[in-house]
J.: 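This is the structure, below, for whatever I ask next.
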Amino acid sequence: PYDVLVVGAGPAGAAAGVYAARKGIRTAVVGDRVGGQVLDTDTIDNLVSVPHTTGSELAASLNAHMADYELDLIEHQHATGLTPGGDGFTVHLTDGNLRSRAVILATGARWRHLGVPGEEEYRTRGVTYCPHCDGPLFRGKRVAVIGGGNSGVEAALDLAGVVEHVTVIEFLDELKADEVLLTALGKLDNVDVITGAATTSIDGDGTTVTGLSYTDRTSGQEHSIDVSGVFVQIGLLPNTEWLSEAVELNGRGEVVIDERCRTSVPGIFAAGDCTTQAYKQIITSMGSGATASLAAFDHLIRNQA
Ligand code: FAD
């Protein structure tokens, strides 16, 4: 068996793998693709100490850093279950099982998509899911935020300081964000809110986004607005469906962790976007991956076989 088995090979999983392997313990990282969500983006400008990189460059660096260490990188495998037993745990994979004394869950998350025409076509060319990441790309331009819950309104508040104008589009008849956020939003003169609006398409000129169309759900009328960017903020779904029997998840499906990345089960740790960690970013995920590995090592030396 392994001492530490990391599930997921994005920034959190790679950091956990490197930190575990540096302790000289038997380590494996299993995942469906090295890099995780960073593969879905082009420009990355907020990984401190790396002023500018791209998703594919960062994925290659994660791969290279793991290759510097004695760890088994098992790619193109999907974990489907996690069961305790014996001295540790069994992780069930698409092709067989792996045993480990400690497990680190780092399966990340995926943004909920609108599923309208233009969303896929203009992804990274105007359609984005991350205001912290991409806000500065739209400096001086008009953008829309789709979703009027907490994340949508936070995005609008954040973007209003950077872009020329923000239109918040909400499907329901009112915004669902906290009162304090709505009050702050109401004070801004470069933000408009449209409620009761079902986005029907994201429009472009073949190269980049130029606007979006929506149906007014009360009148049934079609409308269009001109924007250069669309921030989709309708939820982040953690990749934890396979873990519901294994560890405690919160109401959003995130793995509940403490400040040492410990889950509800001793010996199982979790890091990155699949967890309750606040502010889902590359740098925070790497940090929690490192924390999870150090905590797993601590667990192993206190529970010697
Ligand atoms: P992930 O990157 O999601 O990696 C998890 C990995 O585990 C994935 O490869 C996934 O496929 C795999 N996996 C899932 N389930 C299983 C399973 N059952 N078995 C095996 N493997 C599994 N952050 C920034 O800081 N700066 C940016 O500029 C930035 N831009 C972004 C742009 C886009 C388009 C997106 C989508 C995100 C962006 N982010 C950015 C956010 C950042 O990518 C994430 O916060 C970060 O990748 C989270 O790392 P992670 O390792 O926790 O999860």
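Just so you know, ligand 1 is whichever comes first in the structure, and atom 1 is the first atom listed for that ligand. Numbering of residues begins at 1 and proceeds along the displayed sequence.
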J.: List ligand 1 atoms under 4.0 Å from Gly8, heavy atoms only on the residue side.
T.: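 Every atom of ligand 1 under 4.0 Å from some heavy atom of Gly8: 7 (O).
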J.: Is any N or O atom of Ala12, backbone or side chain, closer than 3.5 Å to an N or O atom of ligand 1?
T.: yes
J.: Verify whether one side chain among Thr275 and Glu254 offers a donor that lies under 3.5 Å from an acceptor in the other.
T.: no
J.: Do any N/O atoms on Val30 end up under 3.5 angstrom from N/O atoms on ligand 1?
T.: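 No.
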J.: Output, in order, the C-alpha distance, side-chain angles, deciding distance and verdict of side-chain contact (heavy atoms from CB on, under 4.5 Å) for His78 and Trp242.
T.: CA-CA 10 Å; His78 202 74; Trp242 62 291; 5.8 Å; no
J.: Give a yes or no answer on whether the side chain of Ser100 reaches the backbone of Val103 with a donor-acceptor pair at less than 3.5 Å.
T.: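 Checked: no pair found.
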J.: Heavy-atom distance to atom 34 (C) of ligand 1: which of Val127, Asp40, Val38 wins?
T.: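 When every heavy atom of Val127, Asp40, Val38 is considered, Asp40 comes closest to atom 34 (C) of ligand 1.
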J.: Do any heavy atoms of Gln77 fall under 4.0 Å from ligand 1?
T.: yes
J.: State, without any angle test, whether Asn46 and Gln281 hold a side-chain donor-acceptor pair at a distance under 3.5 Å.
T.: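 Indeed, the side chains of Asn46 and Gln281 share at least one donor-acceptor pair under 3.5 Å.
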J.: With a 3.5 Å distance limit and no angle check, can you tell me whether Ser285 reaches the backbone of Gly272 through a side-chain donor-acceptor pair?
T.: no
J.: Closest by any non-hydrogen atom to atom 45 (O) of ligand 1: pick that one out of Thr284, Thr54, Asp273.
T.: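 Selected option, by shortest heavy-atom distance: Asp273.
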J.: Report, in ascending order of atom number, the atoms of ligand 1 lying under 4.0 Å from any heavy atom of Ala109.
T.: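 Listed by number with element, the hits are 3 (O).
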J.: For ligand 1, is there an N or O atom under 3.5 Å from any N or O atom of Trp111?
T.: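 Min N/O separation from ligand 1 is not below 3.5 Å for Trp111.
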J.: Please identify which atoms of ligand 1 are closer than 4.0 Å to at least one heavy atom of Lys280.
T.: 45 (O)
J.: If you measure from the Lys or Arg side-chain nitrogens to the Asp or Glu carboxylate oxygens, is any gap between Glu241 and Arg110 under 4.0 Å?
T.: yes
J.: Would you mind writing out the side-chain donor-acceptor pairs for residues 140-150 within the sub-3.5 Å range, not counting sequence neighbours?
T.:
| unit_1 | atom_1 | unit_2 | atom_2 | d |
| --- | --- | --- | --- | --- |
| Arg142 | NH2 | His165 | ND1 | 3.3 |
| Asn150 | OD1 | Asp178 | N | 2.8 |
| Asn150 | ND2 | Asp178 | OD1 | 3.4 |
| Asn150 | ND2 | Asp178 | OD2 | 3.4 |

J.: Would you please determine whether Thr43 falls within less than 4.0 Å of ligand 1 on a heavy-atom basis?
T.: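 A heavy atom of Thr43 does come that close to ligand 1.
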J.: Would you mind running through ligand 1 and noting each atom that sits below 4.0 Å from a heavy atom of Gln37?
T.: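 Atoms satisfying the 4.0 Å criterion: 1 (P), 2 (O), 3 (O), 36 (C), 37 (C), 43 (O), 44 (C), 47 (O), 48 (C), 53 (O).
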J.: I need the atoms of ligand 1 closer than 4.0 Å to a non-hydrogen atom of Asn46, numbered in the order shown.
T.: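 By the 4.0 Å cutoff, the relevant atoms are 24 (C), 25 (O), 26 (N), 27 (C), 28 (O).
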J.: Consider every N or O of Ala79 and every N or O of ligand 1, then say whether any pair is closer than 3.5 Å.
T.: yes
J.: Any heavy atom of Tyr129 closer to ligand 1 than 4.0 angstrom?
T.: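 No; Tyr129 lies far enough from ligand 1 that no heavy-atom distance drops under 4.0 Å.
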J.: Go through ligand 1 atom by atom and flag the ones less than 4.0 Å from a non-hydrogen atom of Trp242.
T.: 18 (N)
J.: Could you say whether the N/O atoms of Gln281 and ligand 1 ever approach to under 3.5 Å?
T.: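 N/O-N/O distance under 3.5 Å: yes.
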J.: Using residues 14-29 as the side-chain source, report each donor-acceptor pair under 3.5 Å to any protein atom, sequence neighbours left out, with the distance given to one decimal.
T.:
| unit_1 | atom_1 | unit_2 | atom_2 | d |
| --- | --- | --- | --- | --- |
| Arg22 | NH1 | Tyr69 | OH | 2.7 |
| Arg26 | NE | Asp3 | OD2 | 3.3 |
| Arg26 | NH1 | Pro1 | O | 3.4 |
| Arg26 | NH2 | Asp3 | OD1 | 3.0 |
| Thr27 | OG1 | Ile25 | O | 2.9 |

J.: Would you check the N or O atoms of Arg33, main chain and side chain alike, for any that come under 3.5 Å of an N or O of ligand 1?
T.: yes
J.: So which of Val7, Val91, Thr107, Leu58 gets nearest to atom 15 (N) of ligand 1, if we judge by its closest heavy atom?
T.: Thr107
J.: Could Arg101 and Phe89 be counted as a cation-pi pair, given that NZ or CZ must be under 6.0 Å from the ring centre and within 45° of the axis?
T.: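 No, a cation-pi geometry is absent between Arg101 and Phe89.
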J.: Could you check whether any side-chain N or O of Glu75 sits under 3.5 Å from a backbone N or O of Gly31, counting only pairs where one atom can act as donor and the other as acceptor?
T.: no
J.: State yes or no: do Val168 and Phe231 share one hydrophobic cluster built from I, L, V, M, F, W and Y residues joined by side-chain heavy-atom distances below 4.5 Å, directly or via other members?
T.: yes
J.: Counting each atom of ligand 1 from 1 as listed, which ones have a heavy atom of Gly10 under 4.0 Å away?
T.: 4 (O), 6 (C), 51 (O)
J.: Mark yes or no for whether Asp158, through its side chain, and Glu154, through its backbone, hold a donor-acceptor pair below 3.5 Å.
T.: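 No; judged by distance alone, with no hydrogens or angles, the pair does not exist.
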J.: Is the closest basic N to carboxylate O distance between Lys176 and Glu174 below 4.0 Å?
T.: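 Between Glu174 and Lys176 there is a salt bridge, with a charged N closer than 4.0 Å to a carboxylate O.
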J.: Check ligand 1 against Gly36 and write out every atom of the ligand that is under 4.0 Å from a heavy-atom position of the residue.
T.: 2 (O), 4 (O), 8 (C), 9 (O)
J.: Considering distance alone, does some N or O of Pro11 sit under 3.5 Å from an N or O of ligand 1?
T.: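 Right, the criterion is met.
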